[in-house]
Amino acid sequence: MKLVVTEKNDAATKIASLLGASKPKADKVYSTPIYRFEVDGEEWVTIGLRGHILEPDFTPNLVYKKRGGWQGVTVEGETVPADVPASLAKPPFKKKKPFTEDGVELKGWKMDALPYLVYAPIEKLPKEKEIIRSLKNLAKKADSIVIATDFDREGELIGSDALSCIQEVNPTAPVSRARYSAFTKEEITHAFSNLVELDVNLASAGASRQDIDLIWGAVLTRYLTLVKFAGYGNVRSSGRVQTPTLALIVARERERLAFVPEDYWVIKGAFDAAEKTGPTAGEGALAFEAPHATARFKDEAQAKAAMTAVEGATSAKVLSIEKRSRKQQPPVPFNTTSLMTAASAEGLSPARTMRLAESLYMDGYISYPRVDNTVYPSSLDLEEVVKTISGNPAYAPFCKELLARGPLTATRGKKETTDHPPIYPTAMVTPDDLPPAEYKLYNLIARRFLATLSEAAVVEGTKVTLDISGEHFAAKGDVLVHEGYRAIYPYGMKKDEQLPALAEGQQIAFNGATCTKKQTEPPARYSQGKLIQEMEKLGLGTKSTRHSIIERLYTVKYIQNDPIEPSQLGMAVCDALDKFAPHITHSEMTAELEAEMDNIAEGQKTKADVVMNSRNLLSEQLAGLMPHSEEVKDALADAVAADAYVGKCPKCGKDLQIRASQKTRGMFIGCAGWPDCDVTYPLPKGKIESMEELCPTCGMPQVKVTAFRSKPRVICIDPNCETNKEPDVVVGECPVCKAAGKQAKLIAQKNPRTLKRFIRCENHDECGVGYPLPQYGKLTATDEVCEHCGAPLVIVTTARGPWKLCPNFDCPGKEQDDSEKAASKGKKTAAKKTAAKKTAATSKAAAKKPSTRKASSGSAGK
DNA sequence: GCAAGGTC
């Protein structure tokens, strides 16, 4: 049997179907899907991995991790490894109690251990245990092995790791490597009939990248985290990609802070081309505005002079009319970066876009979403794709036109690779088939695809120069005269600015001018989309990781909001590293690493040399950092306090700060004077940000709360403030008391101490009836009761609109509702006769939904 | 409790 190992399941399926004489049989080894088929009478099996199946980490016995902690590094036999430079040859912990595996008193060792962590040995440990088990199981039976992972550095490394697993159980089977860069019959057949050897040097270049990232990341993250340990869940991370990315954001913020705005003056004139008599008399649509030909007056006196010159004038003369039509070329096909950028402009963050794209891809709606390529391969049948998606009524007329026009030609981007096609739709979807956010992204991708096949749009630009007593005004108009691709792809479109029809020499009405003082703006903060583009330009991260790097910066609270601004903590971390360990804050580290990896791949250097060089460099940087720990500690502490500050304590005057509860992990506001001052305020669930403005009602500080998937709202921190008070509402009668022949009211109320809202029977002590309520949203009672459990229905009105709710968590109707919804959705999509894959995916989702819901309501019931 | 890179 010939075993073919691919990087992902998807590739295993495709290769099997392209090489097999007949349709491959899908099978499983343990839980891993495999595909069996025959080639010239020989049995072949393909198995897809899940990317990297091994992961480097410090050798477990030598890096002390007991109690989940970062305690220290043991030095084997208490002698220092030969690699460690002489300056570090005397372990600082030797003077204290010796380090043993059983764990002794470790206090104060953590920071001291860092210089040794720099030189700690690294091993490859299993990461995907289940896949490894399946792989080994197959490998035992294999007569020969083909490594068919992706044709790039990481692919070579993934293949090499897979091979080391295989050779543990089958060291003798011959091994070869298939290199392909597209899933077409020709390409795959060619790759498998021209097998080569695994490129050990290339794999080793990738492995150096792994080791260097781990060492720098672990050492600097531990340094920043331990220098002022702020409790669990407060990791201060650093890394080869994330820290330079943070530095970009911080640098932009510094530019903004250093920016000195300059005053300028803008003059705008009001005009009207309506004839006082004649056919168009009285039609108001002919009024328009135009700025002075000097767009910005830097000198107030000059602006004033221009105003004086036009003062009292009632007419303007049309001096010249210039018309220029320009073509707007249709956009080029989507790759990962351009998709994330475009989606970012539509309010989907890059990380969310990739999650949605992954799900659309798995359900068969779009092609593989992680690509650099921006040129459709000739093997892609563009016409077929257009036909497929023309079933969506929103695209149908446009598709019809496209197909009627004759053979399709597509735009081409600058990047042409052949691994995957650019992102395009692979199935027809309507808004009913998908949740709104997923459809939004699908719609963007489908429309972009159609746009790449369309004609250019033509915009006619008109520039009219008007003269009033020697002062010139410039009116500009833009009109879309040929829609072209704009008919299907309206994203980022400017509104038409139409000017009335004018003739040179014509006199039109001038209705006065206004002069406004403005100020120059500092450079804009990065949007997430722009930052992704900037990272790509600098070679930071890859198409598959950039979004997660940005997300990481958000979760460690180095950055906030979109457009992105750094927190005080983010700036402090960046400054500290830039001052004492500047190597990590610059994108050049990545560029240098790339060069070194090329050297390894070409056989000019070894991995051992490159990694040791990097360790020595890190050792120097750490040596710069260690003597300044006090300074770094204070800087970080001040920054954290500044980020947490919400206002002054009304009792003692010290700072009120947003804090995390140790017990519940929830947020609350506490006084910096604690334990001397015990002032606290509860906070609702969600992301909390401090606000500058005080509560207009009571003068206490306010915070901005963003609950999960909701719009932000501003609340006063004082629960007793009028703005937070909610009257108790009678929402109905208690069904339990009623059944027992008693009468009791159910009352919705709010606990000011915990901010929790709930419905409780006034006879609660006896009947125990109580239901939870959402923490916010306006609550209204109804006359209706739930048909399933008899609890009163209430209406909750949030920013997303009102919704009716049965508050009973254990209501038997809850589960039924969900399974009905899921089942009807399954039927609907099946009826639409789209791709078979899609139907399978939807019914899978339908089968899954009720069971997950069951689990959550079950645990809530206890 | 670390990184960044694959992929789910």
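All of these numbers come straight from a predicted model, not from anything done at the bench. Labels below follow one simple rule: chain letters A, B, ... track the order of the sequence lines, proteins then strands, and each chain is numbered from 1.
The base of dC8(B) does not come close enough to the side chain of Asn9(A) for any donor and acceptor atom to sit less than 3.5 Å apart.
Checked against dC8(B), dA4(B), dC2(B), the side chain of Ile549(A) finds its nearest nucleotide in dA4(B). Minimum atom distance to the side chain of Ser237(A) is reached by dA3(B), of the listed dG5(B), dA3(B), dC8(B). Here the side chain of Gln242(A) is nearest to one of dC8(B), dA3(B), dG5(B), namely dA3(B). When distances run from any side-chain atom of Thr542(A) to the nucleotides dT7(B), dG6(B), dC2(B), the shortest one goes to dG6(B). Of all nucleotides listed (dC2(B), dA4(B), dC8(B)), dA4(B) comes nearest to the side chain of Val241(A).
Tyr368(A) has a side-chain polar atom (N or O) that falls below the 4.0 Å cut-off from OP1 or OP2 of dT7(B). For the pair Arg222(A) and dG1(B), the criterion of a side-chain N or O lying under 4.0 Å from OP1 or OP2 is not met. Neither OP1 nor OP2 of dG6(B) sits under 4.0 Å from any side-chain N or O of Arg209(A). One finds a side-chain N or O of Arg370(A) lying less than 4.0 angstrom from the OP1 or OP2 phosphate oxygen of dT7(B).
Nucleic acid contact for Thr225(A): base, since at least one base atom lies under 4.0 Å from a heavy atom of the residue. Within the 4.0 angstrom heavy-atom criterion, no nucleotide atom of any strand lies near Pro369(A). Counting non-hydrogen atoms under 4.0 angstrom, Leu49(A) reaches nothing in the nucleic acid. Among the protein residues, Gly541(A) comes within range of the sugar-phosphate backbone only, with heavy atoms under 4.0 Å from sugar or phosphate atoms but none that close to a base. Across all strands, Gly51(A) comes closer than 4.0 Å to base atoms (heavy-atom distances). Using a 4.0 Å heavy-atom criterion, one finds that Asp150(A) contacts the sugar-phosphate atoms exclusively. At the heavy-atom level, Thr545(A) lies under 4.0 Å from base atoms of the strands shown. Residue contacts for Gln210(A): at a heavy-atom cut-off of 4.0 Å it reaches a base atom on one of the strands shown. Using a 4.0 Å heavy-atom criterion, one finds that Glu128(A) contacts the bases of the nucleic acid, with or without backbone contacts as well. Counting non-hydrogen atoms under 4.0 angstrom, Glu55(A) reaches a base of the nucleic acid. Looking at heavy-atom distances under 4.0 Å, Arg50(A) makes contact with a base.
Between the P atom of dA4(B) and the NE2 atom of His52(A) lies a distance of 14 Å, rounded to the nearest Å. For the pair Lys557(A) NZ and dG1(B) P, the interatomic distance rounds to 17 Å; values are reported in whole Å. The CG atom of Asp152(A) sits 12 Å away from the P atom of dG5(B) (whole-angstrom rounding). At whole-Å resolution of the value, CZ in Arg552(A) and P in dA4(B) are 8 Å apart. The distance from atom CD1 of Ile158(A) to atom C1' of dG5(B) is 8 Å, rounded to the nearest whole Å. In this structure, CE of Met589(A) is placed 11 Å from C1' of dA4(B), rounded to the nearest angstrom. Rounding to whole angstrom units, NZ of residue Lys127(A) and C1' of dC8(B) are separated by 11 Å. Separating the CD1 atom of Ile147(A) from the P atom of dG6(B) is a distance of 18 Å, rounded to the nearest angstrom.
Classification of Glu438(A) and Arg352(A) as a salt-bridged pair fails, no side-chain N sitting under 4.0 Å from a carboxylate O. Taking 4.0 Å as the cut-off between side-chain N and carboxylate O, Lys124(A) and Asp57(A) do not count as a salt-bridged pair. A salt bridge between Lys8(A) and Asp150(A) is present, with a side-chain N of the basic residue lying under 4.0 Å from a carboxylate O of the acidic one.
Below 30°, between 30° and 60°, or above 60°: for His420(A) and Phe183(A) the angle between ring planes is between 30° and 60°, a tilted geometry.
Ring-centre distance between Phe151(A) and Tyr180(A): not below the 6.0 Å cut-off.
For Asp213(A), the salt bridge (charged side-chain N to carboxylate O under 4.0 Å, His left out) partners are Arg209(A), Arg240(A), not counting sequence neighbours.
Listed by first and then second residue, the salt bridge (Lys or Arg N to Asp or Glu O under 4.0 Å) pairs involving residues 579-597 of chain A are Arg153(A)-Glu594(A), Lys579(A)-Glu631(A), Glu596(A)-Lys605(A) (not counting sequence neighbours).
When the nearest nucleotides of DNA chain B are assigned to Leu226(A) and Lys543(A) by heavy-atom distance, the more 5′-ward of the two goes with Leu226(A).
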